[in-house]
Every structure is written in structure tokens, then in C-alpha cells.
Amino acid sequence: AGSLTVSELAAKLHREASELIKKLMGLGVMATINQELDRDAIELLATDYGVAVEDAVFIDELDIDIYDETDKEEDLQERPPVVTIMGHVDHGKTTLLDSIRNTKVTANEAGGITQHIGAYQISQAGKKITFLDTPGHAAFTTMRARGAQVTDITILVVAADDGVMPQTKEAISHAKDAGVPIIVAVNKIDKEAANPDRVMQELTEYELVPEAWGGDTIFVNVSALQGDGIDELMEMILLVSEVEELKANPNKLATGTVVEAQLDKGRGPVATLLVQNGTLSVGDAVVVGNTFGRVRALVNDLGRREQTAGPSTPVEITGLNDVPQAGDRFQAFKDEKKARQVGEGLMARYREQNLSESSKVSLDDLFNQI
Ligand code: GTP
Ligand code: MG
């Protein structure tokens, strides 16, 4: 760390600048909010808060959007696309995911007992595609709120017998906010009342114009129930991901996002992580949200144990001290001491925030009872 102003350091320490100024005064240093502090003053203040200077910087790095990381072009390699399926209630999202998984996973991965985790990967023409399950998922809400991005491509499912509905519009605006390409899957084409043309017509109002009509949105007619059009849909996903040139650097410590997490009676905290950059390995020290630990086991979406998980791979891990939240970021560290320091720093911060939150709640409760 070079020099920081009082307010910059305050932000890093998650304190008020006025508090720092007071502390400095107590140390015989008169400072203003925009004053530059030298390394000694920074260290002095940080130590006073029980934070090593390096830690303060590290904690801040965890807040940085992982897409801001700059990998050198020559270190980047192609990675699988991460695809989410969105659409209105009952338009067939789950059936479509099941259909994709059944035709692609169980058929190819003989003997693999598929266990449900919130994310999975399939192979199409020798290329992998990662799917994130159920967009109504808590993780998506948290991730959206935090502006974190995990999705590369959105599949918008629209039932051909029902057309554009409120949640269809919502999904479109989410995808547009995130700036990710949309592939439209016009579903239930097997139905008598199916009218794919009407769906196309309706979607043109949302600037989703099929190629056949001079636009650039890919539409695929499918029947999730009968399995029609699934192969074509997979091909289109690969086509779009090629255009997107999705890359990551597999040769560094992993960063990514928690898809889901829970406490397992036998195994302790279990978290499904999506590795977004780098490679996660068994034995890695990790900071996950407000907790930390060491990766004891890595289990893939087929329930198989793995030693490593590269970019765009969903994986379930054990070995954390506590249960993180869906949407939390994670970061692997070389040594456990570093992870512990950062983890404990984050935990302390979290506890502090939570404490003030809960005291607010109890006061409110008190007033309500009166
Ligand atoms: P929510 O999770 O509640 O938002 O619904 P969903 O979008 O996941 O829909 P789901 O897959 O549960 O399907 C809803 C209903 O539509 C079920 O009864 C499915 O069997 C039926 N369905 C889904 N896809 C097709 C299809 O291609 N053709 C026909 N005929 N029915 C379908
Ligand atoms: Mg569903």
C-alpha cells in the first residue's frame, strides 16, 4: 500500500473518517479528511483497529468484482458458458432443464448417480456447458442485489400456447441489465394451441427480433416434454458462447460465487460454488463470504470426488467453518494463515454489523410490545 487519504483508509477499515481523525488527534496528529497519510500513520491506525495493513487491503479486494481482475491475454483460456434458464411460471423451465440433463448427462455419464446440486454441467459436441438451476433461486436475488454476475447467457423460456407474460418481461429486463445475450426457447410446441409466430411477434416489442425477420435474436422451437429441439438449443448456446469469447485463467487460485449452501448433519457446512476464474483444489485455504476454511473435499454435480475444479465448474465443497450465503463470493488463498486472517477480519466485521442490526430489531420489538 502506498499512501491513502484519511477517508480512503476509513473506507478500507469500514469506519467513519471522523473517528479516524479523532484517533489521530489522540496521537498528536492533526489531520483533515482529504489528508494523505504515510505508511507509518496507516499502519498505526490499522493496528489500532487490530487489522494488519495487508489484511485491510485484502479485505477490500474481496469486494472487488471478480471480473475486474486483469489477467494477461496469454494466460487466458476458453471456458464453458454459464447458462441460466428464465421465464414465466409454468412455461417449462424445470422440464427443460430436466430434459437437457436427462438426455445429456445420464446418457453420457454412465453409472453416474445424479444428485441434485444447484448447478450442473453437460457436454455437447465435446464442449462443456454449465447450467445454473432455477433462476428463482435465492442466489440470483442476492447476486443481482450485489451486482455480481455469474451468467453468460440467458435462455428465455416462453410457452408457445401462452406467450409473453409478466415474468417473461422481468426476465428480459434482468438479462438486459446484466448485458447478457438472450436465446429464446419457444416451448410446448407439441401442444395443439401452440403459436410460435405469436411469441415471436410479441417479443419484437422487447427488441428480441428473430433472424428470419431481420433481427439478431436466436429463437429455437422446443418441446421440453418430448425432447424436441434440445440439440439445436445446445448448438445455439455453443454458437453464442463462441461469439462471446468466454475466457478465464485456470492457472491461478480460484475465485467465484456461492450458488447454494447448507448445514449437513454429517458433513458440516456444505457449499455449492461456481468457480469463475482460477482453479480450486482440495486442500486450498478459502474465504467464502464471511467464513473461511480449507477445502476438505470437492464433489462434482455427478456426486464424484474430484481433486480440482477449473473455470465455470460447479462444485460442492466441505471444510468450511460456517455456512455461507448464496451469492457470496469466495477466494482461495495459498496459505491457511492468510485465509484465516482475512476470514476472521470479515467475520468480525459481519458480527459487528449483525450486532447493530439485531439490537435495532430488539428495540423495535420492545416498542411493539409496549
Ligand atoms: P415454475 O418453476 O413453477 O415457474 O414452472 P416451470 O417453468 O419450471 O414449468 P415446469 O417445467 O414445471 O412445467 C409446467 C408444466 O408444463 C408441467 O406440467 C409440464 O409438464 C408442462 N410442460 C413443460 N414443458 C412442456 C412441453 O414442452 N410440452 C407440454 N405439452 N407440456 C410441457
Ligand atoms: Mg420450475
Side-chain angles (χ1 to χ4, degrees), residues 82-107 114-122 124 129-145 150-178 180-203 206 208 210 217-237 259-262 272 274 301 314 326-327:
V82 178
V83 180
T84 53
I85 303 205
M86 296 190 158
H88 194 70
V89 181
D90 273 356
H91 278 199
K93 302 178 291 293
T94 304
T95 310
L96 183 62
L97 277 163
D98 286 349
S99 174
I100 292 167
R101 201 168 195 210
N102 290 339
T103 51
K104 298 297 166 189
V105 180
T106 18
T114 55
Q115 70 178 59
H116 176 86
I117 66 172
Y120 64 87
Q121 212 168 46
I122 63 134
Q124 169 78 17
I129 303 172
T130 301
F131 286 93
L132 290 187
D133 224 344
T134 45
H137 216 274
F140 287 83
T141 321
T142 330
M143 285 185 256
R144 234 181 262 138
V150 291
T151 310
D152 299 310
I153 298 169
T154 294
I155 305 277
L156 181 69
V157 178
V158 188
D161 62 339
D162 204 22
V164 173
M165 299 303 266
Q167 275 178 273
T168 316
K169 296 176 197 169
E170 223 178 274
I172 294 169
S173 77
H174 283 318
K176 286 196 169 164
D177 282 349
V180 297
I182 298 172
I183 296 176
V184 180
V186 181
N187 191 30
K188 308 196 185 186
I189 50 153
D190 58 287
K191 284 188 120 177
E192 195 88 38
N195 189 347
D197 273 357
R198 199 193 71 184
V199 174
M200 287 198 246
Q201 191 68 59
E202 287 174 350
L203 284 174
Y206 301 89
L208 296 175
T217 304
I218 296 173
F219 281 68
V220 184
N221 288 343
V222 302
S223 166
L225 201 65
Q226 302 185 349
D228 298 324
I230 304 295
D231 270 329
E232 194 190 337
L233 183 61
M234 297 304 108
E235 278 162 30
M236 291 307 146
I237 292 172
V259 177
E260 59 188 17
Q262 69 276 329
T272 300
L274 176 71
D301 59 332

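Order of listing sets the numbers, starting from 1, for every ligand and every atom in it.
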Quiz prompt | Among I218, I172, V199, the one residue meeting side-chain contact (heavy atoms from CB on, under 4.5 Å) with L208 | solution =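 Only one of I218, I172, V199 forms a side-chain contact (heavy atoms from CB on, under 4.5 Å) with L208, namely I172.
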Quiz item: Can you tell which of V186, V184, D161 makes a side-chain contact (heavy atoms from CB on, under 4.5 Å) with P196?
Solution: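 Among V186, V184, D161, the one that satisfies the side-chain contact (heavy atoms from CB on, under 4.5 Å) with P196 is V186.
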Residue [X] vicinity, atoms of ligand 1 by number, heavy atom under 4.0 Å:
X	result
T94	2 (O), 6 (P), 8 (O), 11 (O)
K93	1 (P), 4 (O), 5 (O), 6 (P), 7 (O), 8 (O), 9 (O), 11 (O)
H88	7 (O)
K191	30 (N)
V89	3 (O), 4 (O)
H91	7 (O), 9 (O)

Any donor-acceptor pair under 3.5 Å linking the side chain of [X] with the backbone of [Y]?
X	Y	result
K176	Y206	yes
E202	V164	yes
N187	V157	no

Self-check item: the Mg ion (ligand 2) to nearest N/O/S of T95 below 2.8 Å
Solution: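 Given the 2.8 Å cut-off, T95 does not count as a ligand of the Mg ion (ligand 2).
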Quiz item: Out of curiosity, T130 OG1 to Q121 CD, how far, rounded to the nearest 0.5 Å?
Solution: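 Nearest 0.5 Å value for the OG1-CD distance: 3.5 Å.
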Self-check item: Option with minimal heavy-atom separation from atom 30 (N) of ligand 1, where the choices are D228, D90, D190
Solution: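 It is D190 whose heavy atom sits nearest to atom 30 (N) of ligand 1.
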Quiz item: How close do T168 and G163 get, heavy atom to heavy atom, and via which atoms?
Solution: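 Answer, listing the atom of T168 first, then G163: OG1-O, 4.3 Å.
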Quiz prompt | Row check, Y120 ring normal vs R101 NZ/CZ: under 6.0 Å, within 45° | solution =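 Verdict for Y120: a cation-pi partner in R101.
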Are any of the N/O atoms on [X], whether in the backbone or the side chain, positioned under 3.5 angstrom from an N/O atom of ligand 1?
X	result
G92	yes
I189	no
A224	yes

